[in-house]
Amino acid sequence: MKYDPQKLEAKWQSFWEKEKLFKVREDPLKEKYYLLEMFPYPSGKIHMGHVRNYTIGDVIARYKRMCGKNVLHPMGWDAFGMPAENAAIENKTHPAGWTFDNIKAMRTQLKRLGFSYDWDREFATCDPRYYRWEQLIFLKMYEKGLTYKKKTFVNWCEKCQSVLANEQVENGCCWRHTDNEVTIKEMDSWFLKITAYADEILDFCEKLSGWPKRVLTMQKNWIGKSYGAIIKFPIAGSDKAIDVFTTRQDTLFGVTFLCLAPEHPLVKEIIKGLPQEKDVLEFVERILRIDNYVRTADFTEKEGVFTGRYCKNPVTGEEIPIYVANFVLFDYGTGAIMAVPAHDQRDFEFAEKYGISLRVVIKPPDSDLREEDMNEAYVDEGILVNSGPFSGERNLKALDNITEYLESKGAGFKTTNFRLRDWGISRQRYWGTPIPIIYCDKCGTVPVPEKDLPVILPLDLDLRSNGGSPLPFDPLFYETTCPYCGGKARRETDTMDTFVESSWYFERYTCPGYEQGPLDAEKVDYWMPVDQYIGGIEHAILHLLYSRFFTKALRDLGYLKISEPFIKLLTQGMVCKETKKCPGHGYLYPYEVKDGRCVLCNKEVITGATVKMSKSKKNVVDPQILIDRYGADTVRMFCLFASPPEKDLEWSDKGVDGSYRFLNRVWRLVTDQIDELSKVTAYDGKGVLKDESKALYRKTHLTIKKVTADIENRFHFNTAISAVMELVNEINQLLNSKGDDKAWPVVRKAVETAVILLSPVAPHISEELWQMLGYEEKVIDLAWPSYNEEVLEIENRLIVLQVNGKVRSRIEVPASYGKQEIEEKALEDERIQKFINKKPIKRIIVVQNKLVNIVV
RNA sequence: GCGAGAGUGGCGGAACUGGUAUACGCGCUGGAUUUAGGAUCCAGUGGGAUUUCCUGUAGGGGUUCAACUCCCCUCUCUCGCACCA
C-alpha cells in the first residue's frame, strides 16, 4: 500500500473537524495551558513564515494535550489595515469583501495543514462584535484619563496618508513602507497614556524570565528611563525660566550656554522684537523642514543660532547665552538642555564652532585639567573643581548633593525621565476601528455614550483614488447629534491604529462570543495569562509592548486580574532562501530558473545572498505547492527539522525530499511488516530479552527520554526528530539482520513508540498508522509515553581509554565495575600498553562510566 | 560608537553540567535491484599521509589530566540602539 498523504490527511482533517476534537472549555479539574501564535493579517495566502510559526505552535499544543493539559489553542484574524484599502482601490472591490475572501482562503489553508485550533473561537477584528468592545475600552480609558487628545508634531507617512506612532518609524521611514521617509506634521491626535505604565512595564521586565533576553533589552532601551534633575534657569529680563532636564547635575557649575529645541514654544517668545528675531525664525523654519531622521542622524552637523537672550545659572548667578540648536530634541526631556562643553562632547563641538568658552569643573583624580589644553570633552569620573561649596567632592557623589541644594533653593528637583512617548493611535484611514468621539460646537469633545456603541464603520463607501479615507467626506457617517445638548455635531473620522486590536485579542479568545462586555471575568481568569506565545522577533517592541500596556490598563479598569499577558515568549527565526538574479530580468522566482538559466532569456542566473523570503526578492516558496506535492506532514516536519525554532531556517527543496522520504520509510516500516506486527502485542517489559532486541528496547526508552526532554525543555524539534529517525533506523537494522530472533513484541513496541513520538509533528500519518496497528483509540488521545530509567541501565559500558588526553582505545566493562577495576582493565589493554611504552605513569584519571586518561 | 548573539565537513545542523567532535538529514562515491529513468536497499564519505599515524570546531594565546565548551586578545558576520542631554 502506497503512502498517499493527500487522501489520508483529508480523512483525518475531516474527522477532527467533525468531532470538534480541539474544542475546549474551562475545566477546573485540569491544568490549563494557553498556547498562542501571533494571529495573521489576512493577506490572502499563507507564507512559509506562517507555516513555520504555526507548526511550532501546533507541536507544542498537541504535545501538551497528550501530557494531560487542558490546551487552549485559538486562531483568528488581524483584519483591519491598509493592504485591504490598497487592494480595494486596485481591484475596484471593497476592503470588507477582499478581507473576508482572504480569510476564507487562508482558513482553508490552515485547516489543510492540520493545525489543532479550536475554530469555534475564531474571530476577525474588523467585525463590529469585536471592535465594539475596543471602542468601549477606549471610552473607559478616556474616563480614567488614559486616553487624551493633543495637538502635536507627529510622524506622517505620505504612502499611508496617515500618522504613525513613534514605534512605527524605523530609520526615519515607515515600518510598512521602508522606502518612504516619514515627515513631521503638526496635528490633532488621540493618545493612549502608555507612559503612565512606563515604570511598571520596565519593572516587570525583570520578572519575565520566560522571555528572550534581547527582547527585554530592546524594550528596556525603548522605555529609556534615566535618573536626573530638572533645573530652572531664570531668563534675564523676564520672570520666566527655562526648565532643563539633565543627568549631569554635577557639571552645573560648568554650564556656559543653554540650547532650546527649534520647536520649543519659548523660542518665539524670547526673540520678539530683537535684532536676532529674523535669523532665528529662519533657522527654526529651515530645521523643521528637515525630517527627523536626517535631522538627528550622526552625519548631520550640529548647528545653532544665538537668540540674543541670556539666562542665569541658578547656582552661580552668571549670565549665559541661550541658543537654538538642531540637535536638541523637543520630545525628550524638556526640549531644552544646559550645555557643559568641557564635559560633553556634543557641547564641546558646538562651543568650538560658535566660539563659546569652556569651564572645567571636573578634573581627573590624579592630574589637573586646563581649558586651553583640551581638544575633546573630559567625560570620565573625577573631582569637582570651580564648583563653589562642592569643589573637592567626587563628581558621582555631588550628583545628589547638588540636586538637594537646588531643591532647597527651589531651583530644581530630582526626577526621572523616559524616552517612551505616549502612543498616538489616530489614523487618517478608513479600514479601522472608528474612534467613538463626537465633536459639538457647544459641548466640545464628547464621548459616544456606551448605549450607542458600536460606532459602525460604514461598508457602503467607495474608496478615494488618492488613498485617503472617505469617512470625512461621508455626511451619513460624520453628521450626528450631540449626546449632551442634542445639537448638530460631527463624529471623529479618524480610526484607531490597528495595533490596538492586536493588543487584547488574546484575551478575547477566552470568551469570543461574550456579549455583556469585552471580557468574561470567569473565563479570562481561568485561561489568562498565555503560557506560551510564539511569533516573529519583528514585534519585539511594537505589538509586545502595546500588549503589555493594554493588559495592565485592562487590569486597572477591572476587566482582569493579571499584570502580564505572556509568561513565555518564543521568537522564531525567519525563513530564508537564496536569491536568484538574471542580468536582464532582475530577481527571479524559483520557477523562472531552469538549469541555472533564466527561462525568459536563457542567460546564466546569478545566485545571490540567502535572505528572508519576500515577494520583492522573489525568493519565495508557496507552501500550497508543497502541500499539494508532499502533504502537510512533510511540510510540517521539514519546517521543524531544518533548524531549531529561534534560529533562521534556510529553505532547501532537497531537505523537503528528505523529510518526505523519512515519512515513507516509517509508512513502509508498518505496512511491510503489518502481518507479523498484528500477531503480537507490544512488549511490556516482562520477560528476558536477547541482546539485539534488548538493545532495541533500550533504544526505545532512550528515544522517549530524548524526545520528551527536547520538546519540554527547549523546543528543539530538530533533535527530537533526529532521535526518532535513529530509532527507526535501528528498527530497520534489526529487521534486516540475519538473526532469527526478531522479537516481534519488542519491534512492535519500538514501532508504536516511533508513531506516537512523531504524532505532534506529523499527526496525520501517525493516526493512520496507529489505526492500521489495530487501535480504536486515537493517538491524540493517548498519554504521552514515559520511559523507565531501569531499562536505560546497561550491563556493559563503553569506556574510552586515553593516553595523554588522546583517545587510544575503547573497552567494554561491566557497569558494576568500580574505578579501581576500570583502571586495572585499562592498563591491561594492549593498545594502551603500547602507547604507554614503559614510560613512567604520572597520573591516572578515571571518570566513572566514561573514560580513563593515563598521563605519562 | 554602544549593546546582544553567532562563527563546527561540500551544505542544513548535533555534541545538555569541560570527558569518543561532526548525531540526524542533504549532497556526493561505489554496489544491488530495474529494459531505462525514478524510487528503494547496502556500503563509504572532515582533511592529510602507501595500512593500526598526524591533523582538525574563525585566528592567536592561556587554564586543565582533558577545551567546540571556561578565560584573555584579534578577525568576520548578524541583529538591535545610536546626538536621549
Side-chain angles (χ1 to χ4, degrees), chain A residues 2 170-171 212-218 220-222 224-226 228 244-248 251 259 261 295-302 325-329 331-340 344-347 349-350 417-419 537-538 540-541 573-574 610 637-638 641-644 646-659 661-662 664-665 668 706 709-710 713-714 716 718-726 728-729 732-733 736 798-810 830-831 834 842-856:
Chain A
K2 226 183 124 226
E170 293 170 358
N171 295 325
K213 246 183 43 205
R214 63 182 185 134
V215 174
L216 293 173
T217 308
M218 282 161 74
K220 282 185 217 164
N221 289 341
W222 187 262
K225 184 175 185 176
S226 54
V244 155
F245 174 74
T246 182
T247 55
R248 294 298 306 273
T251 61
C259 288
R295 190 178 136 193
T296 61
D298 59 355
F299 53 78
T300 304
E301 206 183 331
K302 293 173 196 29
N326 64 339
F327 67 92
V328 178
L329 307 171
D331 59 0
Y332 184 78
T334 60
I337 61 161
M338 62 179 218
V340 187
D344 182 288
Q345 189 55 29
R346 293 159 297 177
D347 298 349
E349 286 164 26
F350 192 89
N417 188 60
F418 292 93
R419 203 185 85 113
I537 187 77
E538 66 273 19
I541 293 176
M574 299 178 297
T610 299
M637 191 172 133
F638 178 71
F641 183 64
S643 73
E646 67 279 5
K647 290 217 325 186
D648 285 350
L649 183 156
E650 194 179 318
W651 190 261
S652 150
D653 293 331
K654 292 282 185 191
V656 184
D657 279 330
S659 294
R661 279 207 288 263
F662 173 69
N664 269 289
R665 273 211 301 285
R668 285 194 308 270
K706 168 82 176 150
D710 282 346
N713 302 337
R714 45 179 208 169
H716 276 204
N718 55 333
T719 49
I721 292 168
S722 73
V724 179
M725 286 174 167
E726 282 184 52
V728 169
N729 289 348
N732 275 322
Q733 259 162 42
N736 289 336
L798 186 71
I799 305 291
V800 172
L801 304 183
Q802 299 180 329
V803 176
N804 286 342
K806 285 184 179 165
V807 181
R808 294 303 182 186
S809 183
R810 296 177 174 92
E830 233 176 79
R831 286 179 48 81
K834 188 183 141 203
K842 279 193 201 156
R843 201 171 156 187
I844 299 177
I845 293 104
V846 183
V847 181
Q848 188 85 53
N849 302 334
K850 276 202 172 140
L851 67 82
V852 176
N853 190 10
I854 298 161
V855 188
V856 296

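Not measured: the values here are computed from a predicted model. Just so it is clear, the values below take in all heavy atoms, side chains as well, and ignore hydrogens, waters and symmetry mates. Per chain, numbering begins at 1; letters A, B, ... match sequence-line order.
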- Message: When the P atoms of B:rA39 and B:rU29 are compared, how many Å lie between them, rounded to an integer?
- Response: 14 Å

- Quickly work out the A:E538 CD to B:rU78 C1' distance and round it to whole Å. 16 Å

- Query: How far does the C1' atom of B:rC75 sit from the matching atom of B:rG25, given to the nearest Å?
  - Reply: 32 Å

- Message: Between P on B:rA82 and CD1 on A:I541, what's the gap in Å once rounded to a whole number?
- Response: 8 Å

- Please report, rounded to the nearest Å, how far the C1' atom of B:rC24 is from the CE atom of A:M637. 10 Å

- Message: Using the C1' atom as the point on both nucleotides, what is the distance between B:rU8 and B:rU33, in whole Å?
- Response: 38 Å

- Message: Please classify the nucleic acid contact of A:S659 as base, sugar-phosphate, or nothing, using heavy-atom distances under 4.0 Å.
- Response: nothing

- Message: For a quick check of understanding: with a heavy-atom distance under 4.0 Å over all strands, which category does A:L798 fall into, base, sugar-phosphate or nothing?
- Response: base

- Rounded to the nearest Å, what distance is computed from the NZ atom of residue A:K654 to the C1' atom of nucleotide B:rC24? 19 Å

- Contact class for A:V328 vs. all strands (heavy atom < 4.0 Å): base, sugar-phosphate, or nothing? base

- Message: I need the CE-C1' distance between A:M574 and B:rC79, as an integer number of Å.
- Response: 9 Å

- Write down the distance separating the P atoms in B:rA6 and B:rC71, rounded off to the nearest Å. 12 Å

- Query: B:rC65 P sits how many Å from A:R808 CZ, rounded?
  - Reply: 19 Å

- Message: Regarding B:rA39, can its base be found pairing with the side chain of A:R661 as donor and acceptor, where the two atoms are less than 3.5 Å apart?
- Response: no

- How far does the C1' atom of B:rC16 sit from the matching atom of B:rC11, given to the nearest Å? 25 Å

- Item | B:rC70 to B:rU20 separation - P atoms, rounded to the nearest Å | 16 Å

- Looking at every strand, decide which applies to A:N804 at a 4.0 Å heavy-atom threshold: base, sugar-phosphate, or nothing. nothing

- Query: A:N729 near the nucleic acid: base, sugar-phosphate alone, or nothing, with a heavy-atom cut-off under 4.0 Å?
  - Reply: sugar-phosphate

- Message: Any base atoms under 4.0 Å from A:V855, or only sugar-phosphate, or nothing? Heavy atoms, all strands.
- Response: sugar-phosphate

- Whole-Å distance between B:rU78 P and A:K647 NZ? 15 Å

- Query: Rounded to whole angstroms, how far apart are NZ on A:K213 and P on B:rG80?
  - Reply: 18 Å

- Query: A:N718 has a side chain; which of B:rU40, B:rG12, B:rG13 sits nearest to it?
  - Reply: B:rG13

- Item | Nearest to side-chain heavy atoms of A:R419, which nucleotide of B:rC84, B:rU55, B:rG80 | B:rC84

- Message: Under 4.0 Å, counting only non-hydrogen atoms across every strand here, what does A:R214 touch: a base, just sugar-phosphate, or nothing?
- Response: sugar-phosphate

